[in-house]
Amino acid sequence: MSSTAAHYTASELLAVMSSRLLKDGQIVFAGVGIPLLAATLAQGTHCPGLTILFEGGVIGPVIEPGKLPPSTNEQRCTVRANMVLASTDVLLLLQRGYVDIGFMGGAQIDQYGNLNSSFIGDPAHPKTRLPGTGGGNDIASLAQMIVAMKHEKRRFVEEVDFVTSPGFLRGGTSRRDSGLLAGGMYRVVTDLGIFGFDEQTRRMKIVALHDGVSIEQVQDNTGFKLEPARDVEVTKRPTERELEFLRKLDPERLYTA
Amino acid sequence: MSSTAAHYTASELLAVMSSRLLKDGQIVFAGVGIPLLAATLAQGTHCPGLTILFEGGVIGPVIEPGKLPPSTNEQRCTVRANMVLASTDVLLLLQRGYVDIGFMGGAQIDQYGNLNSSFIGDPAHPKTRLPGTGGGNDIASLAQMIVAMKHEKRRFVEEVDFVTSPGFLRGGTSRRDSGLLAGGMYRVVTDLGIFGFDEQTRRMKIVALHDGVSIEQVQDNTGFKLEPARDVEVTKRPTERELEFLRKLDPERLYTA
Amino acid sequence: MSDSYLDLRRKLTERDRSLHEKVVSLEQAAALVKDGETVGIGGSTLSRTPMAMVWALIRARKKRLTCARGITSSEGDWLFGSGACDHMITSWFSQGIVWGVSKVMRHYTEQGLARFDEWSHMAMGMRFRAGAMGVPFLPMRSMLGSDVVRQRPEVREMECPFTGDKLLLVPALNPDVALIHVQRCDAYGNAQMDGLQFLDIDLAMAATRVILTTERIVSNGQIRRVPDQTKIPFFAVEAVVEVPFGCAPHECSGVNEPLFKHMDYYTSLVNKEPVKGMAEYLDRYVYGPKSWTEYLNLLGLDHLLEAAKGGRSVSNA
Amino acid sequence: MSDSYLDLRRKLTERDRSLHEKVVSLEQAAALVKDGETVGIGGSTLSRTPMAMVWALIRARKKRLTCARGITSSEGDWLFGSGACDHMITSWFSQGIVWGVSKVMRHYTEQGLARFDEWSHMAMGMRFRAGAMGVPFLPMRSMLGSDVVRQRPEVREMECPFTGDKLLLVPALNPDVALIHVQRCDAYGNAQMDGLQFLDIDLAMAATRVILTTERIVSNGQIRRVPDQTKIPFFAVEAVVEVPFGCAPHECSGVNEPLFKHMDYYTSLVNKEPVKGMAEYLDRYVYGPKSWTEYLNLLGLDHLLEAAKGGRSVSNA
């Protein structure tokens, strides 16, 4: 491994690890930031046939290095796309079942994979009003999810203050019982490891650790008890090729600093 | 009155009389044949600001003399239109309330203005299976209606074999009770006269007779009892200008023979 | 039609939805349709009917298809008369207003040989739209009170929980396959269409898979230059067939007007004797020719070019 | 919002829906919006925001507006900060992802000075679509189970009478007026738009009346040459205002990219002191200039031309 590959930021690690979870031929509903970088990286490496959808109403755009869109509702998202359609209709593709993976970032997540981007504190008298769901609730309600986020104790809480985007709600069959028949949390990717959810309890578990990270370190940074899966793997460090691709894509380090 | 105006066909009479019922600025959902001729004639005479909608998905086309469309789902309908949209969406304009008048022909009508274009005889074992509703049911359910048709006893029946396009159903408040909150039959135009519907009973009544037509003659050609309105008017004969316009519009006499 | 929500989703995920070439022949496309399937037919009345594909299905001797279309014209005659289809779901079924009532439709429905389920045109639109949206129904305000609704045990009436209004709920219609003809698409199936869209976009998204026929295949680069003109995304499409004049004798907007003389000949032949006339027509025009091009030749190049002149010039006005 | 079906229809019929010219000034258009009305805002986040119209409403000292938009950006700040609006109905409300959480939104919502009703983005789309379709609700499958739905007494859950699935019914949203910016329209209001449509078409048809701002007014003849490109019909439109760069400092597809430097300046100013910073900004940029052109001048011609270069070249790739 070269010296370039030896140095990378936490964001670069997130992007690389997430990209490796994507499979060729998948249709991925991506947010801007790490998800878009990761999906574009996947296209450039092992997934030439991956299709990106944007919430603004875009199918299959080409992301130009150095011209990352500032939101999924901006004209840069439409560059050399295969199709541009109404936002409602691109969201309905989730409901129809056309989307393999919903891929977004997260501010706060709990043991059942529920995400909060609405309120810190009591929603009736919030300490902080956050921007809200956007399409996050729809994506998380209707597709298999990958979430990429920094691993901090204040972000990994036992129970989120507010379920903006549903994971497995209160675990067990509660998601399906609520009427959410499809989708659900698949993986959470952090700068410490990769996490999945138990098939029965739907609680978060450790699937893999990044090189040099211990289970204790993960547990210390998590606000609830994390069980390891039967065989916790160790991920392979980002390669030079992956990092070069990312740095070309985001030369100003808007999302990878 | 010139000698040209003295001679006209029953179809020409229908087109002229119907056109005079239209008001400037109205939005008219028109079928091909007499309705389209009448609406175009109205545009050329007293309604320059009349807008025609077609079931295929057209707003505000310009009908070229000699190039009448063979159906409302044909490209000739789109010529110099203001907008072309999905059929479902043009039909939804009826439901939204954007259409002042639905205007169509009829094969069989009853005393409450119900139209049949589906079955002659028992629907379970029909003597004749007719083509069906198309958008007729939607138009009659959602807009004020003008119907233009030949006045024959077999077409003006006490009760239609099958209610394809609803008039006032079984009279009284039955239309509204069925959930049809808006619209309803406004006028039936025939080669004998113009007919409306009683505000209470919703039975058909005579509003006007064409020049030289008697109430007896109308009753003889009608399969149910027709009450005259309080003041039955006599319509003014088609003018030379109206007939010339129609003959220029349909030089091959496809619809006016 | 009675697939559960998860079944409908599963059927989509079973297909290869990556951006890949899917250009095939008419015969190969016909082989993708199985006997007994529900087939949604694009276009309306005489317009943008995927006639070449219907022709190919009949030649491939399909059986027991259930077909659904907004408004049904002579392609419905063909489907009933050939025995390919014994069940039409549509709002209107004849050959076209100018030819009166189809005697072929009458023969098959009045004799109980085939089924014609009548819905209002908007109801057909709502059923495809519900299917496209991934919901089991949509609410609407027409068809209520009429005998059309009394013939349709598939619907439900409800009292609106918000307003108390009476509403009609029509169930989603998710065909196994949709046949759609467009003016142009790329080899992956990104389709752009001109003029009237009819119900085609909802139909495409409601169906489990789409077979596209197209006047011409253009490059993906051409599609990507105007992505806001793409109406059907490649991942909904299973096969692409390039078929010039693929709607003849019906029209294709900007390409050709209907071949009226052929339609006149056709309707007089089959309406005189619905069974024998249709057998004669199918033998000569559907089973007889070796290819779609030979079929077009039978229609007559002069007639075709005249119709094409009318089609191309429609927006000159 | 609680109008009955017949009330909604009546409001449409009260308008002159004939094909007539309706070009007015920004000030005249602003006078068409009444205090307390519900205003739907077209575009999304930083794109095709009808900023000139929002600017004009604030200058006209509108009060107690309820505003609804798919995704809300700095125009929401302006509306809260100016006192024109005390109630936003939207799925997301900040200045844009790159600037973090809006301190203006936080100040007004956390202090209870204004209301921010949160719906999922698709729910906003469904609410406008229901309004556009003339139905009181549409069914959907997201928001269920989440706390977002628990905050929304407006919705109903139902068990599907066809499938038994649990569904969420969201009520139609029919704004009194919709503000929509397009690349071009004619003097009658036939509007054509390029690129992302967002929720605008449903919003236009849901609203009782539409105020269009447009980069340029084209002839009706130009519209009629490509009627399948018209997205909003003239009869939905009450007023047309020609406003070049009418979305600045936001973007308009093919016209200009966002004016990022101005947005950076704006966010740093208002997020430092949400009330005082906003007052300063509004004084300088909204109340101060004599005209929209003078406002553009304040943004800086160099900045504007740079953004226009980016906007025009976006499809060159």
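Chain letters run A, B, ... following the sequence lines, proteins first and then strands; every chain starts at 1. Quick caveat, the model's predicted, so the values are computed rather than measured.
- Counting heavy-atom pairs closer than 4.5 Å to chain B, the top-ranked of the candidates C:Met105, C:Gln197, C:Arg48 is C:Met105.
- In terms of heavy atoms, B:Gln75 sits closest to C:Gly254 at OE1-N, 2.8 Å.
- Side-chain contact, C:Ser47 with B:Asn73: no donor N or O sits under 3.5 Å from an acceptor N or O.
- The greatest number of non-hydrogen atom pairs below 4.5 Å with chain B, out of C:Arg150, C:His250, C:Gln95, C:Arg106, is found for C:Arg106.
- Interface summary for chain B: among C:Gly125, C:Gly43, C:Gly112, the most heavy-atom pairs under 4.5 angstrom belong to C:Gly125.
- Residue with the most contacts toward chain C among B:Ser178, B:Gly135, B:Pro131, B:Cys77: B:Pro131 (heavy-atom pairs, distance under 4.5 Å).
- Within 6.0 Å of CD in B:Glu159 there are 12 or fewer heavy atoms belonging to other residues, nucleotides or ligands.
- Taking chain C as the reference chain and counting heavy-atom pairs below 4.5 Å, the highest number among B:Glu55, B:Arg175, B:Lys67 is found for B:Glu55.
- A salt bridge does not link C:Arg141 with B:Asp138: none of the charged nitrogens is closer than 4.0 Å to a carboxylate oxygen.
- Atom CG of B:Asp177 sits about 12.0 Å away from atom CG of C:Leu144, to the nearest 0.5 Å.
- With values rounded to the nearest 0.5 angstrom, C:Ser102 atom OG is found 11.5 Å from B:Leu130 atom CG.
- Most heavy-atom pairs under 4.5 Å with chain C, from the set B:Asn116, B:Asp89, B:Leu94: that is B:Asp89.
- With respect to B:Arg76 and C:Glu251, no salt bridge is recorded, no charged nitrogen being found less than 4.0 Å from a carboxylate O.
- Chain B forms the most heavy-atom pairs under 4.5 Å with one residue out of C:Phe93, C:Phe260, C:Trp119, and that residue is C:Phe93.
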Does the pair C:Met124 and B:Thr88 meet the rule for a side-chain contact (heavy atoms from CB on, under 4.5 Å), with working shown? CA-CA 8 Å; C:Met124 289 301 299; B:Thr88 305; over 6 Å; no
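- Only the side chain of C:Gln151 comes within contact range of chain B, with heavy atoms under 4.5 Å apart.
- Per-residue counts of heavy-atom pairs under 4.5 Å with chain B were compared for C:Leu46, C:Ile97, C:Asp147, C:Asp165; the largest is that of C:Asp147.
- Both the backbone and the side chain of C:Met140 come within less than 4.5 Å of a heavy atom in chain B.
- A salt bridge does not link C:Glu110 with B:Lys127: none of the charged nitrogens is closer than 4.0 Å to a carboxylate oxygen.
- If you measure heavy-atom distances from C:Ser120 to chain B, the contacts under 4.5 Å come from both the backbone and the side chain.
- In terms of heavy-atom pairs under 4.5 Å with chain C, the best-connected choice from B:Leu142, B:Leu169, B:Thr128 is B:Thr128.
- There is a side-chain donor-acceptor pair under 3.5 Å between C:Glu118 and B:Ser118.
- Annotation: C:Lys103, atom NZ; neighbour count of heavy atoms from other residues, nucleotides and ligands within 6.0 Å does not exceed 12.
- Looking at heavy atoms from C-beta onward, B:Glu74 lies in side-chain contact with C:Pro258 at the 4.5 angstrom threshold.
- Heavy atoms closer than 4.5 Å to chain B are found in both the backbone and the side chain of C:Leu196.
- Atom OG of C:Ser146 sits about 8.0 Å away from atom CG of B:Leu180, to the nearest 0.5 Å.
- Neither the backbone nor the side chain of B:Asn114 comes within contact range of chain C; no heavy atom of the residue lies under 4.5 Å from a heavy atom of that chain.
- For C:His303, there are no ring-ring contact (aromatic ring centres under 6.0 Å, His included) partners at least two apart in sequence or on another chain.
- C:Trp92 approaches B:Gly132 most closely through the heavy-atom pair CD1-O, 3.4 Å.
- Of all heavy-atom pairs spanning C:Leu199 and B:Ser87, the tightest one is CD2-CB, 3.8 Å.
- Neither the backbone nor the side chain of B:Val160 comes within less than 4.5 Å of any heavy atom in chain C.
- In this structure, chain C has heavy atoms under 4.5 Å from both the backbone and the side chain of B:Leu92.
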